[in-house]
Amino acid sequence: MKFALFVIRRRSNYQNGVGVRKLHEFTSVLDLKVLLKDMTKLKNLKQVSQIHSQMVMTNYMSLANINTLLLLYAKCGSIHHTLLLFETTPHASNNVVTWTTLITQLSHFNKPFQALTCFNRMRTIGIYPNQFTFSAILPACVHALLLSQGLQIHALIHKHGLESDTFLATTLVHMYAKCGSMYLAEKVFEEMPHRNLVSWNSIIVGFLKNNLFHRAIGAFREVLRKASFGLDQVSFSSVLSACAGLVELGFGKQVHGSIVKRGLVGLVYVKNSLMDMYCKCGLFEDAAKLFYTGGNKDVVTWNVIIMGCVHMQKFELACTYLQAMIKEGVEPDEASYSSLLHAFASIGALTHGTLIHGRALKTGHMRNTCVVSSLVTMYGKCGSMFDAYRVFRETKVHNVVCWTAMIAVFQQHGCANEAIELFEEMLREGVVPEYITFVPVLSACSHTGKVDDGFKYFNCMVNVHDIKPGLEHYACMVDLLGRGGRLEEAWRFIESMPIEPDSSVWGALLGACGKHGNVEMGIEVAERLFKLEPENPGNYVLLSNIYTRHGMLEEADEIRRLMGINGVRKETGCSWIDVRNVTFVFNANDRSHSRTREIYEMLQKLKELIKSRGYVAETQFATNSVEGSEEQSLWCHSEKLALAFGLLVLPPGSPIRIKKNLRTCGDCHTVMKFASEIFQREIIVRDINRFHRFLNGSCSCRDYW
DNA sequence: GTAGGGTTAG
């Protein structure tokens, strides 16, 4: 082969693929084959077209050459030309290799349904698929996530007696694992007469992707013990991902040792997985050490270190790495953008997030659905619902993640009707909802008191979409019934659950007991919660508030004592506000800020103004008294301090954005409403659960949170 | 002349 290539290069003066025009000088089929093989590296549509026309002119259109051409067109990015050539070559459809090439490439181009149609067309005209065809069609089932199709293909493989083919069985394992059926994947794997490295890697990766990390590690240990072949970078990087998933540093370090022993540490994929494992186990420094030790770095290396920063909440450092990677000429990819956006979403850094948006627009990354979904979430979590919606609408094609992101943003901002309408639009578009999609939908129903609709969607999830409800869904349903005052029904609903209810489910019921003043049920529910999560101060506070509201002050005191005995402390309220890219933090009763005097003066002024408009302090929200006055303690809440500071330093008319670590209190909520009207300001408070957008004296949550 | 496995979005 090498010799033949040498001859061609000499004869055609072939250099870097420029010698194509001398094709007519070739005389043997062998020459052409070699040239075509070499051309696969070029991936240039123009050159492939030139070869194609030369072949037509010189009568070189043998079936084998046509098949190579089909492949070449696909490899240089034009599935369109592949299809065109196929359709215009009548005798091509008699050949199984031609069909297989076509099916493989359709699958590679993420056109699984066209691939399946081709497969069926081929069988209709009486062409028998071989093992290559089967391994080409299985990835199409994976792309389309069609387990049912995969099962049918499996049956055909069985019929053709090809089940024991190692290559095919491995592809089946991969297909079942990707479609979420580890039971079937394992069954095929167990029945394989021979397993090679890729077979083992496929089962390890299968466990990994289905979050069965222990099983992934188990399979890795097993193959390490009994295989006659050596493991490769895929095996090692996969087992490291499993360690990362389990935060299993001990075994991870052992794996690191054997990687070093085998001399695999220089491989960039292995290095990336190692770094990722250390980051997820909290050893950022070890990851950074690997990052700075020479060797290759690719875009993933950068992404892993950036994600590591995000994981450690080192957001500024994450930005520094992004700038550094750009400086070194590594173009950030969708994962880089997604991780940073995720970071900015969690800290509510709107300005940083907007900068990333600008960059994504310039670099063409807005075509990527991951980036778009992260942007929608970022804007949503930073309080800019309208920007989130704009990004969503400016994107033409949405996948289910994108739809879910936008539905969740509406829900968090109190626009429950919009959330439900968007969900309905998604269904009309033919997008299939997933497990997580139903969480904001059910929550939207609960926040608008749509009990019937909530049940409609819940049943539709189970019966139409075959999704097993999880704890998140059950908690929403309990919330839905509880908010509507149907406490007994909610209790019975919990009892009918096929899975063990957790604290989120009981917590929803306790909240409802508080809202509707059911002391007896409240006590019973709280007792269960104290057992489930004795360390959560929220439950004690809720029960104590129920007692206080019913005048049972002794019992309320008893609960506070219980907190002391159990060593539970109420988390201190804490609020943040960004002013010209600097974040200011306020704790409850905070007097540490340099403008403390002005802040408290502003609050005093605000209090007088709103009192004249009928405000009465809601002292039931006062959990401790300051200077003997419960009312006074209310005016030291962190969100009020942040509000006063915002009113002082932000230009009139500009919105005030506050973030809080706990649920916002009822009294603060009332004060914010008044303030938005008096100062004609938009005030956005993001608390632990949701957004409150105050405008002209009312809140987007319609006082229902 | 045709095939397989590996970090990121809700």
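Just so it is clear: chains get the letters A, B, ... in the order the sequence lines come, proteins before strands, and each one is counted from 1. This is a predicted model, so every value here is computed, not measured. All values below were derived from every heavy atom in this structure, side-chain atoms included, with hydrogens, water molecules and symmetry-related copies excluded.
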Round to the nearest Å and state the distance from [X] atom [atom1] to [N] atom [atom2].
X	N	atom1	atom2	result
I407(A)	dG10(B)	CD1	C1'	10 Å
H311(A)	dT8(B)	NE2	P	13 Å
F134(A)	dA3(B)	CZ	C1'	13 Å
D165(A)	dA3(B)	CG	P	15 Å
M378(A)	dT8(B)	CE	C1'	17 Å
D298(A)	dT8(B)	CG	C1'	13 Å
K209(A)	dG6(B)	NZ	C1'	7 Å
L240(A)	dG6(B)	CG	P	15 Å

Measuring only between side-chain heavy atoms, which start at C-beta, is H352(A) closer than 4.5 Å to F315(A)?
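Result no, sub-4.5 Å side-chain heavy-atom pair not found.
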Output yes when at least one side-chain N/O atom of [X] is less than 4.0 Å from OP1 or OP2 of [N], else no.
X	N	answer
S238(A)	dG6(B)	no
H398(A)	dG10(B)	no
H365(A)	dA9(B)	no
K178(A)	dG6(B)	yes
Q233(A)	dT7(B)	no

Mind checking if [X] touches a base, just sugar-phosphate, or nothing, with heavy atoms under 4.0 Å?
X	answer
S202(A)	sugar-phosphate
L63(A)	base
V205(A)	sugar-phosphate
N130(A)	base
T437(A)	base
T369(A)	base
Q411(A)	nothing

From the list [options], which nucleotide is the closest neighbour of the side chain of [X]?
X	options	result
S373(A)	dG4(B), dA9(B), dT7(B)	dA9(B)
V304(A)	dT7(B), dG4(B), dG10(B)	dT7(B)
V198(A)	dG4(B), dT2(B), dG6(B)	dG4(B)
H108(A)	dG10(B), dT2(B), dG4(B)	dG4(B)
L71(A)	dT7(B), dT8(B), dA3(B)	dA3(B)
T377(A)	dG10(B), dT7(B), dA3(B)	dG10(B)
E434(A)	dT2(B), dG10(B), dA9(B)	dG10(B)
Y269(A)	dG6(B), dT8(B), dG4(B)	dG6(B)
A405(A)	dT8(B), dG6(B), dG10(B)	dG10(B)
V234(A)	dT7(B), dA9(B), dG6(B)	dG6(B)

Can W403(A) be classed as stacking with the base of dG10(B), given a centroid separation cut-off of 5.5 Å and a plane angle cut-off of 30°?
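So W403(A) does not count as stacking on the base.
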If you go through the side-chain atoms of [X], does one of them form a donor-acceptor pair with the base of [N] closer than 3.5 Å?
X	N	result
D232(A)	dG6(B)	no
S135(A)	dA3(B)	yes
N399(A)	dA9(B)	yes

Using distance alone, with no hydrogens and no angle criterion, decide if [X] and [Y] have a side-chain donor and acceptor under 3.5 Å apart.
X	Y	value
Q105(A)	Y73(A)	no
N120(A)	T117(A)	no
E163(A)	H154(A)	yes
N65(A)	T68(A)	no
N368(A)	D333(A)	no

F167(A) ring center within less than 6.0 Å of F132(A) ring center:
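F132(A) vs F167(A): aromatic centres not under 6.0 Å.
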side-chain hydrogen bond (donor to acceptor under 3.5 Å, both in side chains) partners for E418(A), two or more places apart:
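Listed in chain order: nothing, the list is empty.
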